[in-house]
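Take a look at the structure set out below.
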Amino acid sequence: MGPKRAEMLAKQLDIRSYYDLLYYFPFRYVDKSKIHRICDIEGEMPYIQLKGRFLSFTVNGEGARRRLNALFSDGTGTIEVVWFNRVKQIQESYHTGVEYVIFGKPTEFNRHYSISHPEVEPYRPDTPQQGFRGVYTIPEPRRNRSFTSRILQQLVSTLISGLGRIEETLPVYLIERMKLMPIREALVNIHIPETVEKLQRAQFRLKFEELFYLQLNILKFARNRSMSIAGFRFSRVGESFNRFYREVLPFPLTGAQMREIKEIRADMGSGRQMNRLLQGDVGSGKTLVALMTMLLAVDNGFQACLMAPTEILAGQHYKTISEMTARIGVRVELLTGSTKKRDREVIHEGLVNGDVKILIGTHALIEDTVNFKNLGMAVIDEQHRFGVAQRAKMWRKNVTPPHVLVMTATPIPRTLAMTVYGDLDVSVIDELPPGRKPIQTVLRYDNHRIQVYRFIGEQLKQGRQAYVVYPLIQESEKLDLRNLEEGYEVISEVFPQYRVCMVHGKMKPEEKDYQMKIFAEGKAQIMVATTVIEVGVNVPNASVMLIENAERFGLSQLHQLRGRVGRGADQAYCILMSNYKIARDTRHRLEVMTQTTDGFVVAEEDLKLRGPGDMEGTQQSGIAFDLRIANVTKDADVMQQAREIAGHILDADPQLTQQPNQMLLRQLQFLYHRQINWSLIS
Ligand code: ADP
Ligand code: MG
């Protein structure tokens with residue numbers, strides 16, 4: 001190709017070599033080489049042609065959900081065809097009994113295939129058949145005529161026709177065992193498929209390979225880490241733990257809390273450094289697990305710390321924990337950005353001489369000026385709020401790294417956890433304290449506003465409290481603040497007999513604290529806020545969470561916000577307010593919230609809807625999701641399989657030095673040499 005085009009490929013698609021071009025895969029496939037039979041449809045399909053007749057048309061749903069369903073038959077089977085818009089027009093233009101060729105992508109749902117919005121043409125026997133080819137993603141602007149999917153097709157087919165030998169990238173024993181297509185055939189078929197079946201085999205081979213090396217890389221590092229990093233051995237359960245358990249603990253632990261504490265104790269007694277992720281839905285009682293773990297450290301002569309993402313949250317942890325530990329004589333201190341200089345000096349001194357046993361704070365506590373006598377245990381709350389680099393700093397707070405327990409209420413689906421957290425031990429508190437009622441969640445539009453306010457009024461009359469939350473639109477802080485202030489005025493007018501307080505991120509800490517305090521003490525009944533209250537705020541008397549412009553929030557964030565209510569035994573409510581005019585998938589997203597209160601279900605849905613790149617926690621995790629062909633959600637079972645096989649190989653040959661495995665090592669170096677391996681750090 002000419003220098004101009006070469007430069008464009010390099011700049012826009014990062015394609016600089018034959019290798020890059022060969023590994024730039026199509027994102028979809030169009031098969032106009034033949035007419036397929038409905039009975040042959042199986043697995044992940046390209047866009048294909050079918051020939052047959054419509055048996056029926058039916059209109060279903062109303063309003064924005066109106067759709068036209070048709071049944072299409074070719075004599076070998078039937079398939080459903082769906083249109084979501086232009087329902088009337090389509091119904092009038094196509095007829096039962098006429099022979100058509102339809103062209104579209106069969107997608108599977110519940111073992112059922114359907115095609116939405118196909119191209120439909122009356123069948124003509126003399127129509128020439130075209131090819132079977134891949135369609136490539138082309139960067140914006142798509143109008144650029146010198147650079148189209150068609151041009152890439154041509155370049156790739158030239159490359160493939162002159163393709164020499166290609167060295168195999170997986171060991172023969174794996175190819176045989178998994179019945180994989182050889183690499184050369186797979187690369188040819190991924191671009192220019194001979195048949196649908198060969199395309200599917202090529203896709204499987206390349207997906208498997210990609211996920212296999214990803215897992216091999218993660219597991220190899222993680223195993224090296226766990227073998228080489230020694231940890232403090234906490235062998236005793238001592239006085240503070242036991243007294244806390246017998247004298248202070250106000251309620252019995254849940255089964256899940258008990259199990260997690262046991263598990264952590266075993267970790268910390270093993271002589272290896274613990275690196276554990278503790279997941280548990282909002283309100284599942286993670287703080288208590290953290291506290292009891294910290295007491296174990298104290299009983300073994302070490303100090304412990306707990307880092308939270310916001311001052312508000314750190315303050316709350318300090319309050320609950322210091323109240324509980326006061327009775328067993330363990331000194332606890334709070335350190336944040338707003339701790340006064342003189343207090344700070346006192347705390348620093350107490351840390352160095354070992355008087356301060358438990359330090360609670362924000363990221364102020366990982367600053368270099370903070371030194372411990374002997375830190376043995378670090379807890380990081382709401383870990384997704386911290387960057388990897390910040391978490392790594394914890395490791396350096398003692399000569400031997402302390403045990404690390406990271407907690408999150410944003411559950412991470414299993415497949416993603418395997419990737420993001422490598423070989424971290426992951427445990428889950430899957431049980432809420434007894435007596436909690438699931439929060440009732442509803443979706444309401446602007447035209448329901450009066451009823452919504454009336455409902456809130458009734459709750460307030462019963463002595464309950466309410467939150468009203470506004471989204472933060474980062475492009476314009478000024479506008480956000482105005483939204484919030486207007487909201488504050490409206491709410492104050494609607495509820496003149498109640499006191500309304502307001503909290504947002506731009507407030508001075510003292511003002512914020514004051515506003516939080518009057519709400520927590522019940523002196524204010526309504527809190528108007530931005531998402532600063534998302535994490536950790538605990539006011540059990542609050543029973544309503546009203547979220548304005550709910551369509552602007554991600555699912556996990558909505559779940560977090562919802563978790564601010566329902567913290568006591570009484571029924572709580574979450575009202576999602578939204579614009580009536582929202583896209584179909586936005587509505588679907590909000591409906592997920594009304595259907596489940598299970599954080600894991602919410603997280604799985606979030607992952608499906610947004611893809612892993614947007615998931616909270618993955619951006620900061622440092623693992624780049626530049627997978628070329630596999631998809632963390634859709635290919636979860638391939639990932640599982642790849643992980644198991646990678647694990648077996650490492651069991652038998654941890655350093656990959658045996659003959660057939662040497663190519664694995666070379667391939668790992670080739671694929672990952674540029675990446676920093678974050679899975680090393682929890
Ligand atoms: P989260 O997991 O969201 O951090 P918290 O640790 O803040 O949850 O606990 C939520 C609430 O549940 C707190 O008020 C706490 O005192 C209470 N709680 C924790 N464990 C139990 C238990 N075993 N029985 C009853 N209440 C509990
Ligand atoms: Mg918490």
Side-chain angles (χ1 to χ4, degrees), residues 244-246 248-262 264 276-295 305-325 327 358 360-362 378-386 405-412 426-439 465 467 516 520 522 531-543 545 556-570 572 574 597-600 602-603 616-617:
F244 178 83
Y245 189 71
R246 280 199 307 266
V248 183
L249 194 63
F251 32 63
L253 292 171
T254 65
Q257 284 171 322
M258 208 115 74
R259 186 187 65 224
E260 288 320 316
I261 291 170
K262 258 197 203 133
I264 292 167
R276 186 174 278 278
L277 171 69
L278 179 62
Q279 299 193 37
D281 215 338
V282 188
S284 59
K286 294 184 292 295
T287 316
L288 206 59
V289 173
L291 173 58
M292 296 186 69
T293 314
M294 292 193 288
L295 291 176
C305 69
L306 167 61
M307 179 164 76
T310 64
E311 293 218 354
I312 294 172
L313 192 52
Q316 268 184 14
H317 280 319
Y318 174 71
K319 187 165 170 281
T320 28
I321 289 178
S322 57
E323 275 168 12
M324 289 200 267
T325 51
R327 286 162 50 192
I358 296 179
I360 293 171
T362 55
V379 182
I380 301 174
D381 195 16
E382 306 298 345
Q383 64 76 34
H384 63 279
R385 291 301 186 96
F386 292 101
L405 180 69
V406 299
M407 307 198 291
T408 181
T410 308
I412 294 157
V426 177
S427 46
V428 180
I429 302 192
D430 50 5
E431 182 183 355
L432 292 178
R436 299 271 171 84
K437 293 195 181 72
I439 300 161
Q465 289 163 282
Y467 295 99
M516 299 284 299
T531 45
V532 292
I533 62 155
E534 183 189 335
V535 279
V537 174
N538 192 14
V539 179
N541 188 46
S543 66
M545 167 63 63
S556 302
Q557 214 180 5
L558 288 174
H559 184 68
Q560 285 285 313
L561 284 169
R562 175 166 66 180
R564 297 306 108 214
V565 294
R567 301 179 77 81
D570 294 306
C574 175
T597 51
D598 182 331
F600 278 90
V602 171
E616 258 180 288

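Order of appearance sets the numbers: ligands from 1, and atoms from 1 within every ligand. Owing to the predicted nature of the structure, the values given are computational and were not obtained by experimental measurement.
Considering backbone and side-chain N/O atoms, L253 never comes within less than 3.5 Å of an N/O atom of ligand 1. Between P252 and ligand 1, at least one N/O pair is under 3.5 Å apart. At a 3.5 angstrom cut-off on N or O pairs, P434 does not count as close to ligand 1.
In terms of protein heavy atoms, atom 6 (O) of ligand 1 is closest to T287 OG1, 2.7 Å. Taking atom 11 (C) of ligand 1 as the reference point, the nearest protein heavy-atom neighbour is R436 NH2, 3.5 Å. Closest protein heavy atom to atom 7 (O) of ligand 1: R567 NH2, 3.3 Å. Protein heavy atom in closest approach to atom 9 (O) of ligand 1: G285 CA, 3.6 Å. In terms of protein heavy atoms, atom 3 (O) of ligand 1 is closest to G283 N, 2.6 Å. In this structure, atom 20 (N) of ligand 1 lies nearest to the protein heavy atom Q257 NE2, 3.0 Å. Atom 13 (C) of ligand 1 has its closest protein heavy atom at N538 ND2, 4.2 Å. Summary of contacts: the protein heavy atom closest to atom 18 (N) of ligand 1 is F251 CZ, 3.5 Å.
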Next on the checklist: Run the side chain to side chain contact (heavy atoms under 4.5 Å, CB included) test on L295 and Y245 for me, step by step, so that the C-alpha distance in whole Å, both residues' side-chain angles and the decisive distance to 0.1 Å come before the verdict.
Outcome noted: CA-CA 10 Å; L295 291 176; Y245 189 71; over 6 Å; no
Checklist entry - L558 and V602: side chain to side chain contact (heavy atoms under 4.5 Å, CB included), yes or no, with the steps? => result CA-CA 9 Å; L558 288 174; V602 171; over 6 Å; no
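Side-chain atoms of R259 come within 3.5 Å of backbone atoms of V428 as a donor-acceptor pair (strictly under, hydrogens ignored). R436 places a side-chain N or O within 3.5 Å of a backbone atom of G283 that can act as its donor or acceptor partner. Of the possible polar contacts, one joining the Q257 side chain to the G285 backbone as a donor-acceptor pair under 3.5 Å is found.
Under the side chain to side chain contact (heavy atoms under 4.5 Å, CB included) rule, L306 has a single partner from I360, T293, I380, which is I360.
For the pair L288 and F251, the minimum side-chain heavy-atom distance is below 4.5 Å.
Proximity of M407 to ligand 1, defined as any heavy-atom pair under 4.0 Å, is not found for any part of the residue.
With ligand atoms numbered from 1 in the order given, ligand 1 contributes 23 (N) to contacts under 4.0 Å with heavy atoms of T254.
Residue contact annotation: G280 has no non-hydrogen atom under 4.0 Å from ligand 1.
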